[in-house]
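All remarks here apply to the structure that follows.
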Amino acid sequence: MDKLYRSQACPIDHNAGCENSRFYGAAAFRRDDSAANVTFLIIAYDSEQAARKAYDVLWNRYYGKRAGARARTFSLGPIGERRDARYGSLGYRGAPSTVTQARVGTTLLWTMMDSTSKDIDAVTEDATRDLTTVLARRAQEAQNGEAPSATL
């Protein structure tokens, strides 16, 4: 990861959490039928130990706050070796927002879903959980050296 990617992926305390990181990827999508947006982020590390060490730094100091100050936690189920999720309101007029973080082997994965309206059906825990599961499964397949079972 170069300096620009480190500043995007780990924008706290001189890029804390990006130590021993190798790659960074991001993709964003917007549904045509609503104001919902989803962003996927991934950081690949040199080792599982490096990913474990970065997990708390990035969740506690940055990503875990991305769903608003009064966000509540919700369960993702058995995704990866470690996982966290929050649902709250952030942005324009309290629009719904979710953020998840999961560790799958040597990678940290984020799924962030939000809306530009108060349409609470546009952003749900179930939709976020499903999207996080898809990302985590693809990450595990890649680490196992398998062809992805789903592609765009």
Side-chain angles (χ1 to χ4, degrees), residues 5-6 8-13 15-19 21 23-45 48-144 146 148-152:
Y5 289 146
R6 287 178 194 275
Q8 296 298 307
C10 307
I12 53 171
D13 299 330
N15 309 125
C18 274
E19 298 86 353
S21 60
F23 302 101
Y24 170 68
F29 301 91
R30 180 169 186 206
R31 285 180 31 189
D32 287 336
D33 62 341
S34 76
N37 301 296
V38 64
T39 302
F40 298 105
L41 304 174
I42 182 172
I43 299 177
Y45 291 86
E48 286 189 35
Q49 179 182 0
R52 274 192 304 272
K53 185 176 178 182
Y55 191 98
D56 286 331
V57 170
L58 292 171
W59 183 253
N60 294 334
R61 294 168 63 189
Y62 185 68
Y63 288 100
K65 299 175 183 180
R66 298 281 309 255
R70 292 186 221 137
R72 60 178 166 72
T73 62
F74 68 94
S75 174
L76 288 174
I79 298 170
E81 289 83 13
R82 187 159 175 209
R83 78 240 18 108
D84 283 287
R86 298 187 64 182
Y87 179 97
S89 60
L90 187 66
Y92 184 70
R93 303 176 89 186
S97 177
T98 61
V99 60
T100 72
Q101 178 174 295
R103 185 177 70 78
V104 176
T106 60
T107 60
L108 293 185
L109 313 167
W110 294 270
T111 302
M112 293 176 281
M113 196 170 184
D114 60 28
S115 176
T116 56
S117 71
K118 284 194 171 187
D119 178 6
I120 61 171
D121 294 330
V123 177
T124 66
E125 291 178 17
D126 286 339
T128 303
R129 188 178 299 109
D130 290 347
L131 292 168
T132 302
T133 299
V134 167
L135 183 62
R137 286 183 181 159
R138 299 304 81 74
Q140 189 62 63
E141 289 170 350
Q143 290 191 51
N144 293 345
E146 300 168 3
S149 60
T151 61
L152 290 174

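Keep in mind that this is a model prediction, so the values were computed, not measured.
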Worksheet entry | Test log, rule side-chain contact (heavy atoms from CB on, under 4.5 Å), inputs S97 and V123 | CA-CA 7 Å; S97 177; V123 177; 5.7 Å; no
Practice prompt. Decide side-chain contact (heavy atoms from CB on, under 4.5 Å) for N15 and S21; before the verdict, give the C-alpha distance in whole Å, the side-chain angles of both, and the deciding distance to 0.1 Å.
Written response: CA-CA 11 Å; N15 309 125; S21 60; over 6 Å; no
Practice prompt. Begin with the C-alpha distance, continue with both residues' side-chain angles, and end with the deciding distance and a verdict on side-chain contact (heavy atoms from CB on, under 4.5 Å) for E141 and S149.
Written response: CA-CA 8 Å; E141 289 170 350; S149 60; 2.7 Å; yes
Worksheet item: F40 and F29: side-chain contact (heavy atoms from CB on, under 4.5 Å), yes or no, with the steps?
Response: CA-CA 9 Å; F40 298 105; F29 301 91; 3.8 Å; yes
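Between the CH2 atom of W59 and the CZ atom of R86 there is a distance of 6.5 Å, given to the nearest 0.5 Å. Distance check, rounded to the nearest 0.5 Å: OH of Y24 to CD1 of I42 gives 11.0 Å. The CG atom of L109 lies 8.0 Å from the OG1 atom of T100; values are rounded to the nearest 0.5 Å. Within the model, atoms NZ of K53 and CD of E19 stand 6.5 Å from one another, a figure rounded to the nearest 0.5 Å. If you take CG on L41 and CE on M112, they are separated by 4.0 Å, rounding to the nearest 0.5 Å. With rounding to the nearest 0.5 angstrom, the CG atom of L76 is 9.5 Å from the OG1 atom of T98.
Side-chain contact check for Y55 and D84: at least one donor-acceptor pair (N or O, by modelled atom type) lies under 3.5 Å.
Side-chain N or O atoms of R138 include none that pairs as donor or acceptor with a backbone N or O of Q140 at under 3.5 Å. Checked by atom type and distance alone, the side chain of Q143 pairs as donor or acceptor with a backbone atom of T106 at under 3.5 Å.
The side chain to side chain donor-acceptor pair (under 3.5 Å) contacts involving residues 69-78 comprise R72-E125, where partners must be two or more places apart or lie in separate chains.
Minimum heavy-atom separation, I79 to A102: CG2-CB, 4.2 Å. Across all non-hydrogen atoms, the minimal contact from A9 to C18 is CB-SG, 4.2 Å. Of all heavy-atom pairs spanning L58 and C10, the tightest one is CD2-SG, 4.0 Å. Closest non-hydrogen pair, V104 versus E81, comes out as CA-OE1, 3.1 Å. Annotation for S115 and A95: closest pair O-CB, 3.0 Å, computed over non-hydrogen atoms.
Below 30°, between 30° and 60°, or above 60°: for Y87 and F74 the angle between ring planes is above 60°, a perpendicular geometry.
In R82, the CZ atom is crowded: over 12 heavy atoms of neighbouring residues, nucleotides or ligands sit closer than 6.0 Å.
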